[in-house]
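Below is one structure, written out as structure tokens; the observations come after it.
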There are 2 protein chains.
Amino acid sequence: MSEQFQGGLRLLSKPTKLADIAALAGVSTATVSRALSGHPSVSKATQARIQALAREHDVRPNQLARNLRLRSTGAIGLAMPLGHARTQHLTDPFFLSLLGYIADLLVDRGYDVLLSRVLPENGDWLDRLVDAGRVDGLLLVGQSDQYETIERVASRYGPLVAWGVHRDGQRHLAIGSDNVAGGRLAAEHLLERGRRRLLFVGDPAPPEFGDRFAGFAAAARAAGVRAEVLATAMDPDRVHAAMRTRLAVGTLPDAIFAASDVAAMSVLRAVSEAGLDVPREVAVIGYDDVTLAAHTSPPLTTIRQDLARGAALMVERLLARVAGEPAEHAVIAPELVVRAST
Amino acid sequence: MSEQFQGGLRLLSKPTKLADIAALAGVSTATVSRALSGHPSVSKATQARIQALAREHDVRPNQLARNLRLRSTGAIGLAMPLGHARTQHLTDPFFLSLLGYIADLLVDRGYDVLLSRVLPENGDWLDRLVDAGRVDGLLLVGQSDQYETIERVASRYGPLVAWGVHRDGQRHLAIGSDNVAGGRLAAEHLLERGRRRLLFVGDPAPPEFGDRFAGFAAAARAAGVRAEVLATAMDPDRVHAAMRTRLAVGTLPDAIFAASDVAAMSVLRAVSEAGLDVPREVAVIGYDDVTLAAHTSPPLTTIRQDLARGAALMVERLLARVAGEPAEHAVIAPELVVRAST
DNA sequence: CACGTTATCGCAATCGATTGCAACAAATTT
DNA sequence: AAATTTGTTGCAATCGATTGCGATAACGTG
């Protein structure tokens with residue numbers, strides 16, 4: 001480490017810490033610290049000398065010690081509760097993109113990002129994350145089925161922001177899109193195209209998807225048509241299987257609203273395997289507007305959630321909370337993106 | 001924080017650290033530390049009492065202080081150098097899946113994951129990551145165009161593992177798949193299907209893609225046919241545009257090998273837009289076998305890279321290096337997955 | 001020449017947890 | 001009853017960087 005020759009300057013091993021540089025330069029650790037941070041009270045000459053030494057030996061202040069002293073970690077936790085998808089890995093491009101945007105923004109602002117993919121096995125997971133003291137704040141990418149846990153922890157821990165829905169009386173700060181409005185957009189677009197036999201495909205249990213269906217069904221009802229629902233788990237294989245079964249029996253829908261773009265891809269496949277033409281015989285619309293949506297065949301009409309904006313809002317409000325300022329929830333408006341599948 | 005009433009036990013504010021619990025329990029901090037870690041030298045009675053107190057007040061040892069004292073961080077850095085894709089966000093499902101697998105494995109082993117998406121603006125980025133002392137080891141998801149930098153840093157820093165190619169004489173430890181073999185598999189499969197007008201689509205500059213094309217071309221040559229190359233940047237729009245242009249002129253290929261599955265999706269779209277049937281008129285094969293590959297229409301034949309295994313190898317070898325043990329590079333064999341697009 | 005300024009720099013406390021060693025009490029042995 | 005062992009606990013140093021305050025030297029001024 002940094003044992004040095006009895007009073008001499010010859011280090012027995014590589015210098016790694018500020019004290020080593022201090023010994024080399026013949027000054028105190030305090031001076032080295034100040035020199036590296038550009039403190040004005042250390043002379044230009046020593047400042048340059050010390051910085052050169054530090055650079056030469058690849059010595060940088062240890063962040064752990066620094067953060068301990070400064071009582072701040074410089075890191076934000078980014079967690080992804082996977083409650084209703086225990087067996088599934090994080091593969092949904094929507095969440096991954098959101099995660100990427102968030103990571104970008106945080107890094108830009110000088111924060112480190114501590115990633116924890118969480119399988120909530122007991123109600124303890126969030127407390128552990130919060131109390132470990134490794135992060136200045138916590139971002140939750142999705143609420144999953146952990147609404148209660150999040151509510152409980154949020155009541156005692158401020159710097160916590162989740163992506164997801166906001167209900168009346170909710171204590172935790174959530175940023176999300178208006179899924180009811182999104183579902184309505186989808187229905188209105190299909191109705192405008194003259195479609196009348198509407199089918200919703202997806203899992204209506206999670207609140208986001210439930211809202212999408214609610215908006216969809218409400219708009220349909222307003223137009224005097226009924227929206228059928230094909231309930232299925234959201235992983236591609238299950239969606240595909242459910243869709244194939246559905247297409248084999250009963251009257252064919254002439255428009256399908258998939259709860260997510262990934263689900264829509266499975267729908268597209270099942271539909272084309274059934275020999276049906278998209279969009280002539282069946283229109284398909286997705287949700288999210290992930291990057292790949294523009295590159296399916298045919299390109300997918302979808303309801304866009306502005307992830308860049310969502311991520312920016314999450315980061316902005318979280319950092320406000322970290323700084324002790326108040327911050328409220330926000331809703332971003334969904335937007336219809338028309339492509340060739342409708 | 002933890003100021004307490006002059007000699008009394010009434011805390012003025014919430015207890016947050018072990019010393020606070022110590023004051024509450026009327027013991028020393030040392031005893032609290034030992035009690036929480038289940039050290040045998042503290043009596044069962046006090047141990048239970050202290051644990052109850054800590055649980056009741058949501059107090060857990062501060063990880064920063066703990067790690068500083070223990071000279072280990074309990075965290076692994078996970079960085080994604082984006083050299084030849086400066087403007088692009090991390091959206092490639094291949095890298096994201098790899099990232100997900102790695103994060104899972106590390107969390108399972110009790111490590112935290114410190115995520116840094118890096119835009120290498122100067123040769124300094126990797127040194128900073130290494131010398132900040134926040135992580136016990138570093139995982140690089142992709143080498144991008146930073147081969148030289150990685151080589152340099154690896155020569156002085158052991159616990160560093162990258163996903164990517166291994167060249168003779170390479171100093172840094174890399175795990176990757178045999179891209180030459182993968183390219184060969186693709187060509188052989190297409191030739192077996194009777195295809196003769198082979199086209200490679202993608203950017204042959206990055207070493208992985210270059211190898212894929214090399215294997216592809218070699219196998220074609222061995223069969224007496226020539227493999228054409230359509231060089232293009234890898235983002236979906238550029239691939240789509242390049243493909244559309246290519247299909248408009250010259251002789252049509254009867255088989256297309258895309259450098260990645262994501263690129264293959266754009267190829268599929270361009271081909272179907274040109275009114276060509278897949279696979280009757282044009283066969284399409286991708287590379288990676290990302291989750292979505294099974295759900296394109298038609299489902300994509302592809303060369304599978306076993307990411308779960310790749311991630312496991314990366315983590316295993318990194319942790320060996322962290323523990324000071326030697327570890328060598330590894331190559332995983334690609335595998336042909338036949339679906340409906342060929 | 002005495003005294004006040006100013007520019008540099010070091011001392012030592014601090015952040016919070018861990019742990020070797022010593023201190024002490026209780027229990028056991030002689 | 002004295003000596004020894006066993007079982008618990010506290011003291012204090014340590015990890016490495018930061019920073020308020022005081023010390024020192026160099027400088028200028030009357």
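The chains referred to below are lettered A, B, ... by the order of the sequence lines, with proteins before strands, and numbering in each begins at 1. For clarity, every value in this text was computed on a predicted model and none was experimentally measured.
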B:Ile50 CD1 - C:dA17 C1' separation (whole Å): 14 Å
Carboxylate-amine/guanidinium contact B:Asp104 B:Arg109, below 4.0 Å: no
Length of the line joining A:Leu36:CG and C:dC9:P, which is rounded to integer Å: 14 Å
5'-most by nearest nucleotide on DNA chain C - B:Leu64 or A:Lys44: A:Lys44
Neighbour count above 12 (heavy atom, 6.0 Å) for A:Glu328 CD: no
Beyond-backbone contact of B:Tyr111 with B:Asp136, side-chain heavy atoms, under 4.5 angstrom: yes
side-chain contact (heavy atoms from CB on, under 4.5 Å) partner of A:Asp58, chosen from B:Asp131, B:Val130, B:Val153: B:Asp131
Heavy-atom donor-acceptor pair, A:Asn67 side chain to A:Thr73 backbone, under 3.5 Å: yes
Contact pattern, 5' to 3', of nucleotides 9-15 of chain D - B, S or - by protein heavy atom under 4.0 Å: BBB-BBB
Nearest-angstrom distance from the residue atom CG of A:Asp131 to C1' of C:dG16: 15 Å
Closest contact, heavy atoms only, A:Ala327 versus A:Arg317: CB-O, 3.8 Å
